[in-house]
**Q** 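Dropping the structure in here first, questions after.
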Amino acid sequence: MTQAAGLARSSQADGLFTGRYRPGNRCSADMVRVYYSNATWERVRRCRVLDEEWGFTPNQIALAYVLCHPFPVCALIGQRTVAELWESVGPLGIELTAD
């Protein structure tokens, strides 16, 4: 049986996991509407904990989460610099579990 691939648009949450945004920061209304929730800030916090344990950035962990699903998924990323692109390649070695 053929599976359709998922397409993860904004797989790194428009930079939310980079540390650029914090609760209460001024940003676009779309950022607030889409991402600003207690559940999202808890995800950011957990990514920071894994960053301390594993040495991968929260942004890399967020992308690894998108890529670790058991179904085929393509993650769209929108880096602005070569350095940001190289940072996004890092999660290719991260294997996440349900834990």
**Q** Side-chain contact, heavy-atom cut-off 4.5 Å: Tyr65 with Leu67?
**A**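 The answer is no; the side chains never approach within 4.5 Å.
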**Q** Quick check: do Phe17 and Val44 have side-chain heavy atoms less than 4.5 Å from each other?
**A**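 Of all side-chain heavy-atom pairs linking Val44 with Phe17, at least one is under 4.5 Å.
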**Q** Same hydrophobic cluster for Val49 and Trp54, using side-chain heavy-atom links shorter than 4.5 Å among ILVMFWY?
**A**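 In one cluster: no.
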**Q** Before accepting this row, confirm whether a basic side-chain N of the pair Glu52/Arg48 lies closer than 4.0 Å to the acidic partner's carboxylate O.
**A**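 Here Glu52 does not pair with Arg48 in a salt bridge, since their nearest N and O are not under 4.0 Å apart.
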**Q** Grab the two heavy atoms, one from Ala64 and one from Leu96, that are nearest each other, plus how far apart they are.
**A**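 Shortest heavy-atom contact: C-CD1, 3.8 Å.
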**Q** Would you name the heavy atoms of Arg45 and Glu42 that are closest together and state the gap between them?
**A**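 Here Arg45 and Glu42 meet closest at NH2-OE2, 2.6 Å.
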**Q** Can you tell me if Glu87 uses its side chain to pair, donor with acceptor, with the backbone of Ala83 under 3.5 Å?
**A**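 Not a single qualifying donor-acceptor pair exists.
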**Q** Please report the closest heavy-atom contact between Leu16 and Thr40, naming both atoms and the distance.
**A**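 Looking at all heavy atoms of both residues, the shortest contact is CD2-CG2, 3.1 Å.
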**Q** Test side-chain contact (heavy atoms from CB on, under 4.5 Å) on Ile94 and Leu50; report intermediate values, then the result.
**A** CA-CA 11 Å; Ile94 299 174; Leu50 292 175; over 6 Å; no
**Q** Ignoring hydrogens, what is the shortest heavy-atom contact between Cys47 and Ile61? Give both atom names and the distance.
**A**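 Shortest heavy-atom separation between Cys47 and Ile61 comes out as O-CD1, 3.5 Å.
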**Q** Looking at Asp51 and Phe56, what are the two nearest heavy atoms and their distance?
**A**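 Smallest interatomic distance, heavy atoms only, reads OD1-O, 2.9 Å.
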